[in-house]
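Some notes on the structure that comes next.
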Protein chains: 2
Amino acid sequence: MRVTIRDVAKAANVSHATVSRALNRASDPFISDATRNRIIETARQMGYQPNRAARALVTGRTGQISLCLWTENIHNSYQWNVTHVAHAVMQSRSYELLVNLVGYKTLELAEKNLVSPPSVDGIICYEAAPALGAMFGGALPAHLPIVTAGTYNLLHGVDRVAIDLSEGSFDAMRHLIGQGRKRIAYLTNDKSVNKDPRYIAYVSSMNEAGLPLEIIETPSGRAGPRLLIGQYVAERGAPDAIFCHNDDIAIGAYRGLRDVGLGVPEDVAVVGCDGLEDTEYLDNPISTIVQPLARVLELSCEYVLARIDNPDRPIESTVIKSKFVARESSGG
Amino acid sequence: MRVTIRDVAKAANVSHATVSRALNRASDPFISDATRNRIIETARQMGYQPNRAARALVTGRTGQISLCLWTENIHNSYQWNVTHVAHAVMQSRSYELLVNLVGYKTLELAEKNLVSPPSVDGIICYEAAPALGAMFGGALPAHLPIVTAGTYNLLHGVDRVAIDLSEGSFDAMRHLIGQGRKRIAYLTNDKSVNKDPRYIAYVSSMNEAGLPLEIIETPSGRAGPRLLIGQYVAERGAPDAIFCHNDDIAIGAYRGLRDVGLGVPEDVAVVGCDGLEDTEYLDNPISTIVQPLARVLELSCEYVLARIDNPDRPIESTVIKSKFVARESSGG
DNA sequence: ATGAAAGCGCTAACAC
DNA sequence: GTGTTAGCGCTTTCAT
């Protein structure tokens with residue numbers, strides 16, 4: 001059996017309450033230094049580890065934060081960055097990080113009541129609002145600190161850190177149109193695209209310039225777009241430029257164009273969105289709309305933690321702008 | 001207050017014990033279907049969510065598994081893949097995934113007793129043996145299911161899934177030497193390199209071929225190696241080939257070589273290690289030693305879960321071979 | 001088939 | 001300063 005607080009108490013010749021005090025409240029003056037040190041030493045020797053479930057039961061705090069991430073359309077280092085930053089902040093504040101990866105399957109499971117929300121002190125919901133809502137059966141619990149972060153799917157009535165892609169998207173389109181490119185395609189895996197800021201920027205910029213829309217649907221990830229773009233070009237010829245819904249698609253498209261012997265940007269300009277590190281390491285680095293992820297996550301963490309400390313604070317809402325960065329893939 | 005099992009009991013006119021039975025033991029025959037359905041319905045209506053801490057306290061099970069990952073030298077999609085696979089398996093078995101990212105800092109903190117091991121039902125320790133050991137104060141708890149996975153730092157006395165890089169490394173070296181390349185450098189961030197299978201393969205292959213060693217130390221990640229390789233080449237000229245400790249370094253080196261106008265593989269061949277998806281999307285995809293990550297993680301998960309079910313099963317140990325894949329970056 | 005009661009390991013209020 | 005006591009919400013015997 002694992003050693004408990006009572007075992008330590010017996011060995012140190014005190015009550016278990018005293019052990020609890022000695023171990024937990026570093027600055028509690030109502031205990032003598034001698035006793036405290038003796039207890040700490042005894043606990044160490046006996047290899048005492050607190051039972052977190054027991055502590056959580058009585059305090060109502062688990063010491064855990066859930067990072068709830070939507071993983072359906074995005075596949076790579078992007079989410080790792082998110083996880084990494086969140087973990088770093090949480091660790092520095094002595095919280096553990098529970099990772100909840102959600103997707104369409106989560107929605108299904110939630111409907112059948114086969115998935116339940118995590119029991120944690122707070123939730124960072126990153127692009128995962130629908131799944132989180134579904135897990136809670138539609139109604140978010142009033143007293144659980146939650147912060148939504150990301151570009152869309154933001155929840156209402158909770159703290160939020162929103163990423164604004166609009167300006168970056170318009171800049172990207174201006175950049176492409178300004179180069180005199182006429183046939184500019186929009187490559188996306190998003191089926192409900194019509195209220196996405198990237199899509200909106202694409203459509204309205206093209207309309208304004210009097211250019212025809214060319215919207216291409218693709219699977220998500222890299223391998224799918226890679227294959228698809230080759231076939232597409234074979235059938236309909238190559239566009240002058242491709243504005244991609246995200247960087248993974250852009251990287252796939254880049255590779256697909258190279259596969260069929262087309263040069264980027266000589267033949268086709270490619271622009272992505274997200275700011276994945278990977279885009280910088282290609283022979284012709286990909287222009288992209290950089291999202292200040294670290295900033296977003298740090299702020300998100302700050303918001304949950306602040307609300308844990310003070311549940312009644314006013315709701316916070318920050319919008320963080322992403323920025324278009326022109327690189328070689330679009331002749332930048 | 002949150003609704004408890006007692007609230008449901010009162011509403012359904014039964015004892016709380018009956019509620020517990022109805023909700024948890026789907027196949028317990030000692031309860032009438034009528035009662036069970038009534039209780040389930042009541043619970044649903046009231047929005048009952050079990051308190052996991054309370055359950056954990058009495059059952060001794062948290063329903064959580066920790067994925068303990070070493071994050072000091074590795075930086076990108078690699079760890080995301082690990083996390084993703086682990087999460088998928090664990091979710092399908094109704095376990096939550098706690099992510100514990102550890103590094104040199106963890107070792108320091110552990111020494112000062114400022115970090116404690118997670119309270120979970122099992123731990124998957126991926127390349128993180130020293131940190132995990134430190135968190136437990138040197139001695140792993142006898143009855144906690146742990147599996148070590150990865151290429152090194154494996155623990156003793158627990159289940160393990162080891163990745164064997166040796167064969168792949170020798171293949172890589174044979175491949176480079178076989179092309180008649182003479183000046184082959186080894187680019188690494190690993191300071192205690194001398195028992196690493198990649199290093200061993202490099203040294204012994206070079207010796208056998210009568211070629212001089214050229215070991216280059218680099219920071220980890222991508223940006224560091226990128227910068228470093230440019231400076232190195234300026235000072236000492238370019239090697240014929242670079243065997244890199246991992247794919248991030250390889251990607252950085254590739255980019256660094258392109259920065260200074262060198263062609264890969266025309267001027268310098270580049271070989272990496274890990275099998276990151278990113279390596280396939282460069283203009284000249286990078287040859288690498290592919291680690292069957294999904295396989296490794298699935299097996300690791302299987303081992304912990306099996307040991308949770310049966311603590312007395314014999315210790316398992318599997319070695320999984322990684323495989324060298326020649327691509328364009330080394331003229332493959 | 002259901003209820004009563006014990007207790008998991010811990011914290012915190014209160015007694016001394 | 002330290003000990004005693006009462007639960008936290010749940011599962012699980014043991015009665016009935």
Side-chain angles (χ1 to χ4, degrees), chain A residues 1-40 42-43 46-64 116-121 141 143, chain B residues 1-40 42-43 46-64 94 116-121 141 143-144:
Chain A
M1 288 313 313
R2 266 177 54 169
V3 21
T4 76
I5 213 176
R6 290 194 143 88
D7 299 327
V8 177
K10 202 180 299 177
N13 241 305
V14 289
S15 75
H16 71 276
T18 305
V19 174
S20 175
R21 272 191 287 257
L23 261 30
N24 297 327
R25 330 188 143 200
S27 57
D28 190 332
F30 301 113
I31 184 171
S32 73
D33 277 2
T35 319
R36 158 164 303 137
N37 291 334
R38 180 160 46 91
I39 291 173
I40 290 176
T42 315
M46 301 178 72
Y48 168 76
Q49 296 287 356
N51 179 321
R52 301 199 199 206
R55 179 179 292 169
L57 181 56
V58 58
T59 59
R61 296 276 186 90
T62 62
Q64 299 183 332
S116 61
S119 292
V120 290
D121 295 343
H143 293 305
Chain B
M1 287 313 312
R2 264 178 54 168
V3 22
T4 76
I5 213 175
R6 290 193 142 87
D7 300 326
V8 178
K10 202 180 298 175
N13 241 304
V14 290
S15 75
H16 72 276
T18 304
V19 174
S20 174
R21 271 192 287 257
L23 261 29
N24 296 327
R25 332 187 142 198
S27 58
D28 191 330
F30 301 113
I31 185 170
S32 72
D33 277 1
T35 320
R36 157 165 307 150
N37 291 334
R38 179 160 46 90
I39 292 173
I40 290 176
T42 316
M46 301 179 72
Y48 167 75
Q49 296 286 356
N51 179 322
R52 302 198 198 207
R55 179 178 289 169
L57 180 56
V58 59
T59 60
R61 296 276 187 90
T62 61
Q64 300 182 332
S94 297
S116 62
S119 292
V120 289
D121 295 344
H143 293 304
L144 176 62

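Bear in mind that the values here come from a model prediction, so they are computed numbers and not experimental data. These numbers come from the heavy atoms of this one structure, side chains and all, not from hydrogens, waters or symmetry mates.
Here dT2(D) is the nucleotide among dC10(C), dT2(D), dT5(D) with the atom lying nearest to any side-chain atom of S32(A). Listed nucleotides: dG3(C), dC10(C), dT11(D). Nearest to the side chain of V58(A): dC10(C). Out of dG9(D), dG9(C), dT11(D), the shortest distance to the side chain of A54(A) is found at dG9(C).
Between the OG1 atom in T4(B) and the NE2 atom in H16(B) there is a gap of 9.0 Å [rounded to 0.5 Å]. The distance from the CZ atom of R36(A) to the OG1 atom of T18(A) is 11.0 Å, given to the nearest 0.5 Å.
Using a 4.0 Å heavy-atom distance criterion, S20(B) is classed as a base contact.
At whole-Å resolution of the value, CD1 in I39(B) and P in dT11(D) are 13 Å apart. Across the protein-nucleic acid pair, K10(B) atom NZ and dA4(C) atom P stand 14 Å apart, rounded to whole Å. L23(A) places its CG atom 10 Å from the P atom of dC10(C), with the value rounded to the nearest Å. When the P atom of dT11(C) is taken as reference, atom CG of N51(A) falls 10 Å away, rounded to whole Å. Across the protein-nucleic acid pair, L57(B) atom CG and dC10(D) atom C1' stand 8 Å apart, rounded to whole Å. Protein atom CG of D7(B) is 9 Å distant from nucleotide atom P of dG9(D), rounded to whole Å. Protein atom CZ of R6(A) is 13 Å distant from nucleotide atom P of dG3(D), rounded to whole Å. One atom, CZ of R55(B), and another, P of dT12(D), lie 9 Å apart when rounded to the nearest Å.
OP1 or OP2 of dT11(D) has at least one side-chain nitrogen or oxygen of N24(B) nearer than 4.0 Å. The side chain of T35(A) contributes no N or O atom lying less than 4.0 Å from OP1 or OP2 of dG1(D).
Across all non-hydrogen atoms, the minimal contact from P118(A) to R52(B) is CA-NH2, 3.9 Å. In this structure, V120(B) and L144(B) approach most closely via the heavy-atom pair O-CD1, 3.4 Å. The heavy-atom pair separating M46(B) from V8(B) by the smallest distance is SD-CA, 3.9 Å.
For a distance-only test at 3.5 Å, the side chain of R21(A) qualifies as a donor-acceptor partner of the base of dG3(D). The base of dT2(D) lies outside donor-acceptor range of the side chain of H16(A), with no N or O pair under 3.5 Å.
Looking at residues two or more places apart in sequence or on another chain, you find a side-chain hydrogen bond (donor to acceptor under 3.5 Å, both in side chains) between T35(A) and S32(A).
From one end of the helix from dA1(C)-dT16(D) to dC16(C)-dG1(D) to the other, with five pairs defining each end axis, the axis direction shifts by 40° (rounded to 10°).
Take the nearest nucleotide of DNA chain C for T18(A) and for A17(B): the residue whose nucleotide is more 5' is A17(B).
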Taking only distance into account, with no hydrogens and no angle test, what donor-acceptor pairs under 3.5 Å do side-chain atoms of residues 55-62 of chain B form with protein atoms, sequence neighbours excluded?
residue : atom : partner : partner atom : Å
R55(B)  : NH2  : N24(B)  : OD1          : 3.3
T59(B)  : OG1  : R55(B)  : O            : 2.8
T59(B)  : OG1  : R61(B)  : N            : 3.1
T59(B)  : OG1  : R61(B)  : O            : 3.4
T62(B)  : OG1  : Q64(B)  : N            : 3.0
T62(B)  : OG1  : D121(B) : OD1          : 3.2

